[in-house]
Amino acid sequence: MTRQELPKAYDFKSTEPRIYAMWEAGGFFKPWNDPNKADFDPNVEPFVICIPPPNVTGELHIGHPMFISIEDLMVRYHRMKGYSTLWVPGTDHAGIATQLMVERDLLKNEEVTREELGREEFVKRTWEWKRKYGSIITNQIRRLGASCDWSRERFTLDPGLSRAVREAFVRLYKKGLIYRGPRLINWSPGLKTAVSDLEVEYSEEAANLYYFKYMLAPAGGGSLDPNSYIPVATIRPETILGDTAVAVHPDDERYKKYIGKSVIVPMLNREIPVIADEYVSMEFGTGALKITPGHDPNDYAIAQRHNLPIISMLDAEAKVNENGGPYKGQDRFEARKNLWSDMKKAGLVIKSEPYRTTIPRSQRGGEIVEPMISTQWFVKIEPLAKAALEAVKDGRIKIVPERFEKTYFNWLENIKDWCISRQLWWGHRIPVWYCPDHHMTVGREDPTECATCGSKDIRQDEDVLDTWFSSGLWPFSTLGWPDETPDYKYFYPTTYMETGYDILFFWVARMIMMGLEFTGHVPFRIVYLHGLVRDEIGRKISKTTGNVIDPLVLMDEFGTDALRFTMLVGSTPGNDTNIGSKRVESNRNFANKLWNAGRFVINAISSLTPPSAPLSQAGRGDGGEGSYTLADSWIWARLQQLVRDVERLFQTFQYGQAGQQIYDFIWADFADWYVEIAKQELAEGGPRAARAADTLARVFDISLRLLHPFTPFVTEEIWGHLRSALRESSLKDIAIDWPDALIVAAWPEERQLEGWEADALQNFGKIQDLVRSIRNARAEKNVKPSKKLGAVFVDENHAPLYRNYLPMISTLSSTDLEQTFVYETEYQPSDAVTSLVAGSTDIYLSGIESSEEDKVRLEKELTEVRSHIERLEKLLAGDFANRAPVALVQKEREKLEGYRNTAEKIEAQLK
RNA sequence: GGCUUCUUAGCUCAGUUGGUUAGAGCAUUCGGUUUACAUCCGAAGGGUCGUGGGUUCGAGUCCCUCAGAAGCCACCA
C-alpha cells in the first residue's frame, strides 16, 4: 500500500476485525512452544494466564474491558519478550444466573415453568440456550482484541472439566472433607435453594422493632397473671412461631426470678423455658431474647448449648408450615402482619418502633434470605484454608496490591464451612447415589448398584454443586487435570491470575485452596487485582441508577484501542476507576495522532531518494553531512530512557504509568518536537533527509512495539505499513529482520544510557527552553505568526552571546532553530528590547516593542527568583550540606548560582 | 465492632526505595486552516497536595490525631 491510500483518519471499524482475523489465522495466539508437538522444548519458560471465565449467557459489560485489557497487555508483553505464552479462554456455566435467565425466557415465550417442563427437558433446553447464545460473549471478547488461544477454549460443563469436578468431589469425600447434614443455612425462598455465606449481602434498612409480652405460664395449671410477663423485642415477629425458649442474662436482676420457669408462646400457647445465657445483652432491647433456633444463627448456637428443640416454621417458599398452627400457608410477611394484629387483640403487644438494621439479601435475586435448617453438603474448609494461608504467607503466591493479602488472611483465618449444594438443575450434579436404605455411594464413575448393600435401586442426589466449586478448579481443569496431559505438565502452575478484588474470596481463595489440595502446587504465582469500574462521577454502575456504560457503544464510537487505553491508563491496581466517554474520546484522538504520525513517517521514507553516503549508526552528531543531529540524538536518547522506564514500571505492575509515559513520549516528544524538526531536514533532501527518515523509522518502530500491548490494533496496522514502506525504500535494512506481525515482534531491550545520550538530553533541553521562551514572548506580545523576529543572545553587558549557542544550534540542525522558530539572528541594539530569561538562556528579540507589562513581568520574575535564592541559601547553610548526598548538594549549589546570575541580569535590565 | 482505601487544578485522576519550581486529560481564556493529524498546533490562567501534629537537612510521599467519603468482614434480638 502506498501512502496515498492511507486515509487521513484512522479507520478502526474496518481495521479491527481485519487485524484480529490476521492474528488468529497466523496462529500468533498459540504458544510457540507447544508440548503437544514434536519439536517441543521443555526448558523454555512459559507464561500462562487463565481467563476469569465470564458467564456463558452473559453479555459484555464495562467490567470485561477492564480485565481483558490488563490480561491482554500482560500476555502480549510476555509474548513479545519471547515467552511461550498461553492465555486460556473459556466460559462459566454460572448455575443460578443461567438457570434464572432460561427460566425467565421459558416463562415469557412458552408460558411454561421449569417444574412443568421437568428436570431432564429443562437441562436440555438450557444446553440449547447455551449453544445458541454462548458465543456472544466470546465474540465480544475477541472484539476487545484478546489474544487467547481459542483452540484451548473451555466451558465449566465440558466433559473434561466435569470429570475434574467429579474427581475433586470424590477425593475430598474420601478424605472426609466433604460431609452432608442438617445445618442452619441461608435459604433463598424465591430461588428455592441454599446459598453460601458469601452469596448473602447485608444492607442497612429501615425496619420495625416489635415489643411484646411473653406471659409467664402459671404454675400448676392456675390462671394467667396479667402482670407476670417477660417483655421481648424482635424484628421478625413471625419467628415467634418457631420459638423454643426465652433467654435472659444470668445476672439480670429483672428476670433472674424467671429463669427455669416457663412462658407461653403467643397465639400457639406452647410452653417454652426461660433460660440464662451470657450471650444476651442486658442493655439492648428489653434484655430478654426470644430464641428461634430454626431461623437465626445466634439462636441456633444458644439452642445447641442448652439442648433446646429446634423448630422449622417455614417451608421452601418461606411460607409458614404446619408448625405455625393457624398461620400455616401464610407468607412470612403476611404472617408477621397477622400475628402482630392478633397479638394486639390478645393484649400481648407493648409497642413497635422504627428501627434501622441490617437485612440479609440474596446476591442474586435481591430478596431477603431466610436462615433455615436444611440438609446440605459442606466442605470442611479449615485444613484447606490453612494451606492456602501458608502459600501467601511464605511468598509462593504474591498478591498485588499487597494490602489485599491482609484481607485474604483475615478471611481465611475466620472461615466457616462451605455449603456447596444448590437446589438447582443447571450445574454439576452431586456424584452421590442413595439406595432405599440410605447408604451413600460416591464414585468417579456412575455406579449401577449400592456400594454397601448392592441394591440396584439407587438414585442420584438431586442437588448440583455451587458454581464456584468448578471455578475453583479452573487453572488446572482447563489444562487437562486430573490427567497428566502435556499441557498440564508444561503450563501448570500458571503464572498470573488477574481478576477483580470483588471475587478474591469467591474465586481466588478457592482456587488456591483447591489447587494446593489437588495438584500440590499453587495454581499461580501472582494474583493481580484490579479495581471496579465506576461511572464518571464514581458511582457504582447499575441498571437501577441508569448509569450503565455499554462498552460496545464506546467501541463503536471511539474504537477498541481507545477503550483499552482508557482502562489501562489512569488506573492503579486495586483502585476503582471512573470511566466516562470524555477520556475514551481523548484516547481515540491519541490513536488517530499515532496513525498520522505513522503516515508522516511512511511518507518520509517513501519519498526518500537514495543517499549519497552510507549512514552511521544513530549517535552523537558532529554537524557533518552524513551524521546525526542533536535532535536525532535527543529523541533516540529519550526513547532509551522510555524503554527503561516502561520496563521498570511493567516489572512493578504499574501499567497505567507505563502507558502514560509512552503516550507523553509519542505525543509530546516525538510528534510535537522531533517530527517538526525532521520536517526541516526532510525538506533539505539528500543525506540530511535520509538521516531524519532513518531516525523517524527507528524511533517510531520502537514506540509502536512499546505501545502494542496497550493499543494492539492501531499499532499493528501502522507497523505493517511502516514495514512495507521501509522494505521498498533505501532504508530497507532497518526492517530486514522484522517478523510478519508486530504481535510477535521483539520487545525493545533496555540498556544504560551512554554518555553522548545523556549530553543530548541536557543540550536539547536547553534548546527547548529557548524555543519555549520565544513562543511565550510571541504569544504574550501578540506577535503575528507571519512577522519575523530577530533574536540575539547577549550577556549582562549586552555583548552578543550567539556564538556560545552556535555549537548547540548547529548540531540541532543548521536550519530548524533559525527557520522554524526564529527568523533572523542579527544583533540590532535599537530593536532589542525584550529580555527573556529562561533558565540560563538570555535572548533578546528584536522587532517587538517593550512595554510597561514587560517591566511588571520582569519584576514578578525577580521576586520569584529572589525567593528561590533565599530558600537555597538557607538550605545550603543548614545541615543539608552535610547530610544530603553530595551530588544533590552540588546540584542545589549550581542551581543557586544560576538563580543569582539570573537575578543580576534582571536587575540590570530593570535599570 | 474489626480491617482497608480514598481526600492533589473547575471536573476525573496520576504522582512506588522521601530529593529541582507537584503533573496529565477534559473544561476555561488567548493566538493559529505552517501540505501527518482541527480527532490538530502554540501559549496562558488555575493547586496552603482534607485538618492538626510528629519524624527528617528535606514530606503530596513515612508515623500519629481529627474530619469527610467509600468498601470489605463480622454483627445485639
Side-chain angles (χ1 to χ4, degrees), chain A residues 3 6 8-10 202 209-210 232-236 239 247 279-281 283-292 296-299 355 357-358 401 403-404 406-407 409-411 414 501-502 504-505 531-532 534 536-538 540 558 562 566 569-572 574-580 582-583 585-604 648-649 652-654 656-657 660 663-664 668 671-672 675-676 679 772 775-780 782-786 820 864 867-868 871-872 875-876 878-885 888-889 891-892 895:
Chain A
R3 68 190 169 84
L6 296 181
K8 277 195 165 189
Y10 167 55
Y202 295 87
L209 191 54
Y210 300 89
V232 173
T234 182
I235 287 164
R236 300 184 295 159
T239 60
Y279 169 81
V280 182
S281 156
E283 287 76 40
F284 190 86
T286 63
L289 177 63
K290 61 190 271 316
I291 304 296
T292 321
D296 184 283
N298 294 312
D299 294 3
Y355 185 72
T357 188
T358 47
R403 63 185 144 90
F404 282 103
K406 201 166 179 178
T407 317
F409 295 147
N410 205 354
W411 187 70
N414 301 296
Y501 66 77
D502 54 330
L504 178 62
F505 304 143
L532 270 36
R534 294 165 176 280
E536 225 159 359
I537 51 173
K540 214 169 185 174
F558 303 118
T566 307
V569 171
S571 70
T572 37
N575 285 354
D576 293 353
T577 317
N578 300 353
I579 292 288
K582 272 279 159 45
R583 283 175 58 199
E585 184 181 357
S586 78
N587 288 324
R588 183 272 316 263
N589 296 352
F590 176 53
N592 193 60
K593 183 76 182 178
L594 189 75
W595 172 258
N596 277 293
R599 287 174 64 221
F600 178 84
V601 173
I602 288 162
N603 184 10
R648 177 180 59 84
L649 292 166
T652 50
F653 305 99
Q654 300 177 74
Q657 272 300 296
Q660 188 63 51
Y663 177 103
D664 289 342
D672 289 346
V675 165
E676 291 307 317
K679 280 177 184 171
R772 285 196 187 107
R775 285 175 181 167
N776 191 329
R778 296 187 77 108
E780 276 187 8
N782 237 330
V783 177
K784 285 209 165 66
S786 56
T820 307
E864 212 170 288
S867 80
H868 284 308
R871 181 178 59 83
L872 286 172
L875 179 67
L876 288 163
D879 274 354
F880 174 76
N882 305 323
R883 301 228 190 170
L888 207 65
V889 176
K891 219 165 145 189
E892 296 298 322
K895 216 160 43 181

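From a predicted model like this one, the values you see are computed outputs, not experimental measurements. Excluded from the calculations below are hydrogen atoms, water molecules and symmetry mates; all remaining heavy atoms, backbone and side chain alike, are included. First the proteins, then the strands, lettered A, B, ... as listed; each starts at 1.
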**Request:** Could you list the residues that satisfy side-chain contact (heavy atoms from CB on, under 4.5 Å) with Leu649(A), not counting sequence neighbours?
**Result:**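 Leu649(A) satisfies side-chain contact (heavy atoms from CB on, under 4.5 Å) with Gln654(A), Gln657(A), Ala658(A), Gln661(A) only.
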
Please give, in whole Å, the distance from [N] [atom2] to [X] [atom1]?
X         : N      : atom1 : atom2 : answer
Leu594(A) : C40(B) : CG    : P     : 13 Å
Trp595(A) : A36(B) : CH2   : P     : 16 Å
Arg599(A) : U35(B) : CZ    : P     : 13 Å
Asp502(A) : C72(B) : CG    : C1'   : 11 Å
Phe284(A) : C75(B) : CZ    : C1'   : 11 Å
Arg403(A) : C6(B)  : CZ    : C1'   : 9 Å
Tyr279(A) : A77(B) : OH    : P     : 8 Å
Lys8(A)   : U33(B) : NZ    : P     : 16 Å

**Message:** Can you say whether a donor on the side chain of Lys593(A) sits under 3.5 Å from an acceptor on the base of C37(B), or the other way round?
**Reply:**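 Present.
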
**Asked** Does Thr358(A) get its side chain close enough to the base of C75(B), under 3.5 Å, for a donor-acceptor pair?
**Response**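 Between C75(B) and Thr358(A), which were checked side chain against base, a qualifying N/O pair under 3.5 Å is present.
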
Out of [options], which has the shortest distance to the side chain of [X]?
X         : options                : value
Ala671(A) : A77(B), C26(B), A36(B) : A36(B)
Phe505(A) : G25(B), C72(B), U39(B) : C72(B)
Asn596(A) : A14(B), C37(B), U4(B)  : C37(B)
Gln657(A) : C37(B), C72(B), A14(B) : A14(B)
Ser586(A) : G25(B), A36(B), U39(B) : G25(B)
Phe600(A) : C37(B), A36(B), C26(B) : A36(B)
Gln660(A) : A36(B), A24(B), G71(B) : A24(B)
Ser281(A) : U39(B), C26(B), A77(B) : A77(B)
Lys406(A) : A77(B), C3(B), A36(B)  : C3(B)

Just call it for [X]: base, sugar-phosphate, or nothing, with non-hydrogen atoms closer than 4.0 Å on any strand.
X         : value
Ala247(A) : nothing
Glu585(A) : nothing
Thr577(A) : nothing
Phe404(A) : nothing
Asp672(A) : sugar-phosphate
Phe653(A) : nothing
Val280(A) : base
Val675(A) : base
Arg588(A) : base
Ile235(A) : sugar-phosphate
Thr572(A) : sugar-phosphate

**Asked** For RNA chain B, what is the dot-bracket line, given that a base pair needs Watson-Crick (N1 to N3, plus N6-O4 or O6-N4) or G-U wobble (N1-O2 and O6-N3) geometry with both distances under 3.5 Å, and | means paired with another strand?
**Response** (((((((..((((.....[...)))).(((((.......))))).....(.(((..]....))).))))))))....

**Residue whose closest nucleotide on RNA chain B lies nearer the 5' end, Arg236(A) versus Asn589(A)** =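 Residue closer to the 5' terminus by nearest nucleotide: Asn589(A).
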
**Asked** With nearest nucleotides of RNA chain B determined for Asp576(A) and Lys679(A) from heavy-atom distances, which residue corresponds to the more 5′ nucleotide?
**Response**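 Checking each residue's closest nucleotide, the 5'-ward one belongs to Asp576(A).
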
[atom1]-[atom2] distance between [X] and [Y], expressed to the nearest 0.5 angstrom:
X         : Y         : atom1 : atom2 : result
Leu594(A) : Asn589(A) : CG    : CG    : 12.5 Å
Asn410(A) : Phe404(A) : CG    : CZ    : 13.0 Å
Leu6(A)   : Asn603(A) : CG    : CG    : 9.5 Å
Thr357(A) : Tyr202(A) : OG1   : OH    : 11.0 Å
Asp296(A) : Thr234(A) : CG    : OG1   : 8.5 Å
Asn592(A) : Arg599(A) : CG    : CZ    : 9.0 Å

**Request:** Report, as a single string ordered 5' to 3', how protein heavy atoms within less than 4.0 Å touch nucleotides 59-64 of chain B: B base, S sugar-phosphate only, - not at all.
**Result:** ------

**Item:** Mutual orientation of the aromatic rings belonging to Tyr10(A) and Trp595(A) [parallel < 30°, tilted 30-60°, perpendicular > 60°]
**Value:**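 Rings of Tyr10(A) and Trp595(A): tilted, 30 to 60°.
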
**Asked** Parallel, tilted or perpendicular: which fits the ring planes of Tyr355(A) and Phe284(A), with parallel below 30° and perpendicular above 60°?
**Response**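 Answer is perpendicular, since the angle exceeds 60°.
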
**Message:** Distance check, P atoms only: U20(B) and C37(B), in whole angstrom units.
**Reply:**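 Between the two P atoms, the distance is 39 Å.
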
**Prompt:** When rounded to the nearest Å, what value does the distance between C1' atoms of G18(B) and G2(B) take?
**Reply:**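 Pairwise C1' distance, G18(B) against G2(B), rounds to 31 Å.
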
**Prompt:** Do Asn596(A) side-chain atoms and Ala9(A) backbone N/O form a donor-acceptor pair below 3.5 Å?
**Reply:**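 It does not hold such a pair.
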
**Request:** Answer yes if the side chains of Asp576(A) and Tyr501(A) hold a donor-acceptor pair under 3.5 Å, and no otherwise.
**Result:**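 Short answer, yes.
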
**Message:** Quick test of your reading of the model: are Glu585(A) and Arg588(A) salt-bridged, counting only N-O distances below 4.0 Å?
**Reply:**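 Salt bridge flag = yes for Arg588(A) with Glu585(A).
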
**Item:** Tyr355(A) side chain near A77(B) phosphate (N/O to OP1/OP2, under 4.0 Å)
**Value:**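 Tyr355(A) to A77(B) OP1/OP2: side-chain N or O found under 4.0 Å.
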
